[in-house]
Amino acid sequence: MFKTNENTLFVDGVSTLELADTYGTPLYVYSEDQIKRNLNEIRTSFLQKYPNTHAAYACKAFCTIYMCQLLNQEGFWIDVVSGGELYTAIKAQFPPDRIEFNGNNKSEEELLMALDYGVERIVVDNVSELYHLEKLCMKNGKKVKILFRITPEVSSDTHDHIATGKKDSKFGIPLNDEILYPLIEYTLKSAAFEFLGFHFHVGSQLLDTKSHLSALEVILDLMLATKQRFDYDIKDFNMGGGFGIKYTDSDRPLGISDFVDPIMNRMNEFCRENNLIRPHVSMEPGRFIIGDAGIQLYRIGNIKEIPDLKTYVSVDGGMTDNMRPGLYGAKYDAIIANKADDPKNSVVDISGKCCESTDILIKNLKCTKPETGDLLAVYSTGAYGYAMANNYNKIRIPPVVVIKDNKAQLIVRRQSYDDLIRNELL
Ligand SMILES: *Cc1c(COP(=O)(O)O)cnc(C)c1O
């Protein structure tokens, strides 16, 4: 994906300096080849290796019409979590029978939109949602396939803010016999539902399999209990996403096989031992598909040296185009793209231009001595960068370019100043 030539960083054969000249900075750049390589790993290590499985891209990581179309062509499913994401999928003509709908507070409008478009399955996140959805189904003469998102009560080895499987999590139905079993019984009897099974998502940026495997045990117990109590074979199990990627050299990500092989082996063994029908198994990775396929380009502006302390290197974007460092201390690596082969003998902090002291994109970056006007390329920004972009300080959201067949294609244009006041009435 990356090569340097004449001291310049290239992405799939396209010069980052030319990209910055043509489209301006800040700029999001994606490699379609890299997205396809990531999809291929999921295909070979999961979909083709194990029958009766599917993979849904967690759209929230980077949700655009382009991405929905690509995932559709590649035969993947998508997972949406809001009316806006569903709307994007609809505009991309994404087939409803490969859409799942997640989220802990789907509004009536969103649920109706999903029923209307005929999304294949809804992951019910809590008890009140179940009753609400049932009412809407009855009123509209619909029957939907549902899964229960379970809070598996596992903690994961990741930043607290992206751990989602703990007992006190806002996500999922509590792992409590008095809540769960009556709910399963109710669902099985309801004319509004086809009950598919269970879902968990234990956290994000996971670099080991511990939490997936402990959560799996919870699901296996539930599967068996559902069979014993209600004589019902679970049809579907969704292991969520969260498969970690490499942001900096200190990350040692696993492959998809490292996660799915032990899960599938344990699942198959458990079903054999207990005479259960092995359910359809699905996953919903986001960053694994898109994270390392994207970089961001920034122009370096003012440089502030505090003698004997540190050097701040400011760029023309920041927490408005990449919120993750400010939000939960996410770490990134970067390179000065117009000095790509020069020795890295400076250590600097890359700061954004927003009026917040947490707007520091990278702390202690080792790089070539930066100068105003240099181009900074930040790696692995494909997930949750553009997706979380915002207009704080009335800064415009940057454009998105995809490199495909060694050519750049603009897929999202830069916001204009008029876009920033478009909805203002007075
Ligand atoms: C965020 C999320 C995912 C994807 O997480 P990644 O870390 O991007 O793989 C999958 N499922 C659910 C329910 C999520 O909330």
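FYI, side chains are in, hydrogens and waters are out, and symmetry mates aren't considered; it's all heavy atoms of this structure. We number each residue from 1, following the sequence as shown. Because the structure is a prediction, the values reported are computed rather than measured. Counting starts at 1 for both ligands and their atoms, following the listed order.
Tyr50 and Asp261 share a donor-acceptor pair across their side chains, judged by distance under 3.5 Å alone. Between Asp12 and Asn406, the side chains place no donor N or O within less than 3.5 Å of an acceptor N or O (distance only, hydrogens not considered). Counting only N and O atoms by type, the side chains of Arg413 and Tyr23 include no donor and acceptor under 3.5 Å apart. Remark: the Asn391 side chain and the Gln415 side chain contain an N/O donor-acceptor pair separated by less than 3.5 Å. Counting only N and O atoms by type, the side chains of His199 and Glu100 include no donor and acceptor under 3.5 Å apart.
The distance from ligand 1 to the heavy atoms of Ser204 drops below 4.0 Å at these ligand atoms: 5 (O), 6 (P), 7 (O). The Ala58 neighbourhood of ligand 1 comprises atoms 3 (C), 4 (C), 10 (C), with distances under 4.0 Å to a heavy atom of that residue. Short contacts between ligand 1 and Gly286, defined as distances under 4.0 Å to a heavy atom of the residue, involve ligand atoms 4 (C), 6 (P), 8 (O), 9 (O). With ligand atoms numbered from 1 in the order given, ligand 1 contributes 13 (C) to contacts under 4.0 Å with heavy atoms of Arg149. Taking every non-hydrogen atom of Tyr384 and a distance limit under 4.0 Å, the qualifying atoms of ligand 1 come out as 1 (C), 4 (C), 5 (O), 6 (P), 8 (O). Close approach of ligand 1 to Gly242 (heavy-atom distance below 4.0 Å) involves ligand atoms 5 (O), 6 (P), 7 (O), 9 (O). Close approach of ligand 1 to Pro285 is summarised as follows: ligand atoms under 4.0 Å from at least one heavy atom of the residue are 9 (O).
Ranking the protein heavy atoms by distance from atom 15 (O) of ligand 1 puts Lys60 NZ, 2.7 Å first. At the shortest separation from atom 12 (C) of ligand 1 among protein heavy atoms lies Glu284 OE2, 3.3 Å.
The shortest N or O to N or O distance between Asn102 and ligand 1 is not below 3.5 Å. Of the N or O atoms in Gly241, none lie within a sub-3.5 Å distance of an N or O in ligand 1. Taking any N or O of His199, backbone or side chain, none lies under 3.5 Å from an N or O belonging to ligand 1.
Taking the charged nitrogens against the carboxylate oxygens, Arg422 and Asp419 do have a contact shorter than 4.0 Å, which makes a salt bridge. The residues Lys145 and Glu120 are annotated as salt-bridged, a charged nitrogen and a carboxylate oxygen being separated by less than 4.0 angstrom.
Remark: Arg229 is positioned above the aromatic ring of Tyr181, its terminal NZ or CZ atom under 6.0 angstrom from the ring centre and at most 45 degrees off the axis.
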> After noting the C-alpha distance and the side-chain angles of Asp33 and Arg37, does the key distance pass the salt bridge (charged side-chain N to carboxylate O under 4.0 Å, His left out) rule?
Replying inline: CA-CA 6 Å; Asp33 286 350; Arg37 273 190 290 273; 5.0 Å; no
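At a 4.0 Å cut-off, not a single heavy atom of Ala383 sits close enough to ligand 1 to count as contact.
Proximity of His201 to ligand 1, defined as any heavy-atom pair under 4.0 Å, is confined to the side chain (atoms from C-beta onward).
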